[in-house]
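I have placed the structure first, in the form of structure tokens, so that the comments after it can refer back to it.
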Amino acid sequence: MKIATWNVNSVKARLSHLETYLTENRPDVLCLQELKTEEFPAASIQALGYNIEYCGQKAYNGVALLSPHPITVTQKGLAGEDEDLQARYIEAEVQGIRVASIYLPNGNPVESEKYPYKLRWMARLKERAKQLLASEVPFVLAGDFNIIPENRDAKRPEQWVNDALALPQSRSAFRAILNLGLTEAFRALHPDRAGAYSFWDYQAGAWPQDNGIRIDHLLLSPALADRLTACDIDKTPRGWEKASDHTPVWCEVA
DNA sequence: ATGCCGTCCGAAGGACGA
């Protein structure tokens with residue numbers, strides 16, 4: 001079973017890329033982030049044999065789950081902050097696996113309200129992870145975490161020292177989730193690999209210079225981690241014309 | 001680099017992303 005995640009930075013602007021990716025890779029589940037629309041443009045994706053469940057929002061955010069298998073939605077949004085209406089979390093059961101597509105807040109600028117919102121959101125995600133662990137359902141939290149876990153996950157870590165993606169408090173909150181007993185799939189299978197990135201800024205020639213960061217992750221529950229056979233980053237879509245600034249990350253579980 | 005580019009909304013340019 002192949003599970004992939006991709007921040008498409010507008011599903012409308014990236015629809016042809018999405019069609020190509022699904023056709024060429026046929027993932028069993030694709031988690032999408034940053035739909036940037038209230039209504040998912042579903043027709044051409046459904047025509048490829050994919051079911052779609054999503055949580056949309058006008059102009060900003062938006063997450064989706066795509067699968068050729070039946071998708072049973074278990075939750076939209078995270079508990080713990082009733083006034084939070086941002087579309088950043090959708091969770092569903094697919095083929096006996098609980099899959100969540102998450103778009104974790106960026107948090108910049110750090111001095112603004114956005115940073116405490118990011119940290120609160122991470123605490124809420126941790127609570128959800130605790131519940132899922134207690135339920136013993138195999139699960140994966142997949143998406144744009146907006147976290148650079150370690151300096152080796154950035155081409156130029158010095159550019160990110162004061163950034164919400166890499167601050168010690170951000171990394172600590174990410175580790176706190178992992179330390180519940182989750183497995184970060186890419187690092188688990190490639191413990192020594194450096195220079196592996198999932199995002200390259202549109203600006204300043206970041207892509208041609210390979211000035212990237214690894215911020216898109218798949219976090220597996222213990223039982224699912226035991227079934228992990230492969231995980232990698234597919235850089236191909238980042239090289240396409242009018243690409244998203246993120247590229248897909250995928251894993252295979254037996 | 002005080003966002004260099006890209007997308008959205010809405011009809012110019014500001015908000016936002018990371």
Side-chain angles (χ1 to χ4, degrees), chain A residues 5-21 31-41 54-64 84-89 101-122 125 142-174 186 195-217 233 235 237-249:
Chain A
T5 179
W6 188 14
N7 178 327
V8 288
N9 185 19
S10 168
V11 70
K12 287 179 182 167
R14 227 64 64 197
L15 194 54
S16 67
H17 288 197
L18 181 56
E19 293 163 12
T20 302
Y21 181 78
C31 305
L32 298 178
Q33 300 87 35
E34 281 212 83
L35 307 178
K36 290 190 168 181
T37 182
E38 193 144 28
E39 291 291 319
F40 195 107
Y54 70 101
C55 190
Q57 181 183 336
K58 186 176 178 179
Y60 303 117
N61 308 315
V63 286
D84 182 10
L85 301 176
Q86 299 188 30
R88 296 181 177 276
Y89 186 92
S101 178
I102 81 159
Y103 178 43
L104 208 147
N106 173 300
N108 285 305
V110 172
E111 308 74 25
S112 73
E113 258 308 301
K114 293 179 178 181
Y115 192 57
Y117 172 65
K118 176 180 191 149
L119 295 177
R120 289 198 307 275
W121 204 94
M122 294 183 81
L125 180 64
D144 177 0
F145 281 74
N146 272 315
I147 292 284
I148 305 167
E150 301 176 88
N151 280 348
R152 61 178 170 160
D153 297 310
K155 173 81 161 207
R156 297 181 182 162
E158 69 279 7
Q159 291 185 341
W160 303 95
V161 284
N162 293 316
D163 193 283
L165 278 64
L167 280 175
Q169 230 182 328
S170 307
R171 288 177 168 172
S172 173
F174 183 69
F186 181 87
Y197 312 123
S198 65
F199 168 92
W200 298 259
D201 202 296
Y202 289 122
Q203 300 173 81
W207 169 248
Q209 293 170 44
D210 195 30
N211 180 15
I213 51 179
R214 196 173 69 88
I215 58 175
D216 299 270
H217 309 298
I233 300 170
K235 289 174 71 171
R238 185 60 181 86
W240 290 340
E241 191 78 19
K242 301 214 71 177
S244 169
D245 39 9
H246 295 249
T247 212
V249 185

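In what follows, chains carry the letters A, B, and so on, assigned in the order in which the sequence lines appear, proteins first and then strands, with residues in each chain numbered from 1.
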When the [atom1] atoms of [N] and [M] are considered, how many whole Å apart are they?
N	M	atom1	value
B/dG17	B/dC4	C1'	14 Å
B/dG3	B/dC9	P	23 Å
B/dT7	B/dT2	P	24 Å
B/dG10	B/dG6	P	23 Å

Spacing between [X] atom [atom1] and [N] atom [atom2], to the nearest angstrom:
X	N	atom1	atom2	answer
A/D144	B/dC16	CG	P	17 Å
A/D245	B/dC4	CG	C1'	14 Å
A/D216	B/dG17	CG	P	15 Å
A/Q203	B/dT2	CD	P	12 Å
A/Y103	B/dC16	OH	P	12 Å
A/F199	B/dG17	CZ	P	12 Å

If only side-chain N and O atoms count, and only distance matters, is there a donor-acceptor pair under 3.5 Å linking A/K12 with A/T37?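 A donor-acceptor contact under 3.5 Å links the two side chains.
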
A/Y54-A/S101 side chain donor-acceptor pair, cut-off 3.5 Å: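 A/S101 and A/Y54 do not have a side-chain donor-acceptor pair below 3.5 Å.
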
To the nearest 0.5 Å, tell me how far A/E150 CD sits from A/I148 CD1.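 It comes to 11.5 Å.
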
Atom CG of A/D216 and atom CG of A/L104: how far apart are they, to the nearest 0.5 Å?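 So the CG of A/D216 and the CG of A/L104 are separated by 11.0 Å.
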
Could you check whether [X] gets within reach of a base, just the sugar-phosphate, or nothing at all, counting any heavy atom under 4.0 Å?
X	answer
A/N108	base
A/N61	nothing
A/K118	nothing
A/N211	nothing

If you count the non-hydrogen atoms of other residues, nucleotides and ligands that lie under 6.0 Å from CD in A/Q169, is the total more than 12?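 Incorrect, the count does not exceed 12.
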
For A/T5 and A/G143, which heavy atoms make the closest approach, and how far apart are they?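 Answer, listing the atom of A/T5 first, then A/G143: OG1-CA, 3.2 Å.
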
For the residue pair A/K242 and A/H17, what are the closest heavy atoms and their distance?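 Closest approach of A/K242 to A/H17: O-CE1, 3.3 Å.
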
For DNA chain B, whose closest nucleotide is more 5', that of A/D201 or that of A/P109?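 Nearest nucleotide further toward 5': that of A/D201.
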
Anything under 30° is parallel, anything over 60° is perpendicular, the rest tilted; go ahead and classify A/H217 against A/F145.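 Because their plane-to-plane angle lies in the 30° to 60° range, the rings of A/H217 and A/F145 count as tilted.
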
Give me the one residue out of A/Q33, A/E34, A/R88 that meets side-chain hydrogen bond (donor to acceptor under 3.5 Å, both in side chains) with A/N61.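 The residue from A/Q33, A/E34, A/R88 that satisfies side-chain hydrogen bond (donor to acceptor under 3.5 Å, both in side chains) with A/N61 turns out to be A/R88.
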
Please list, by residue number, the residues of residues 147-163 of chain A whose heavy atoms come closer than 4.0 Å to an atom of DNA chain B; answer none if no residue qualifies.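 Correct list: A/W160.
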
Candidates A/Y202, A/W200, A/W240 - the one meeting ring-ring contact (aromatic ring centres under 6.0 Å, His included) with A/W207: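 With A/W207 as partner, ring-ring contact (aromatic ring centres under 6.0 Å, His included) holds for just one option, A/W200.
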
Please tabulate the protein-to-nucleotide N/O contacts below 3.5 Å involving nucleotides 6-8 of chain B, giving atom names and distances.
unit_1	atom_1	unit_2	atom_2	d
B/dT7	OP1	A/R14	NH1	2.7
B/dT7	OP1	A/R14	NH2	3.1
B/dT7	OP2	A/K242	NZ	3.2
B/dT7	O3'	A/S10	OG	3.3
B/dC8	OP1	A/S10	OG	2.6

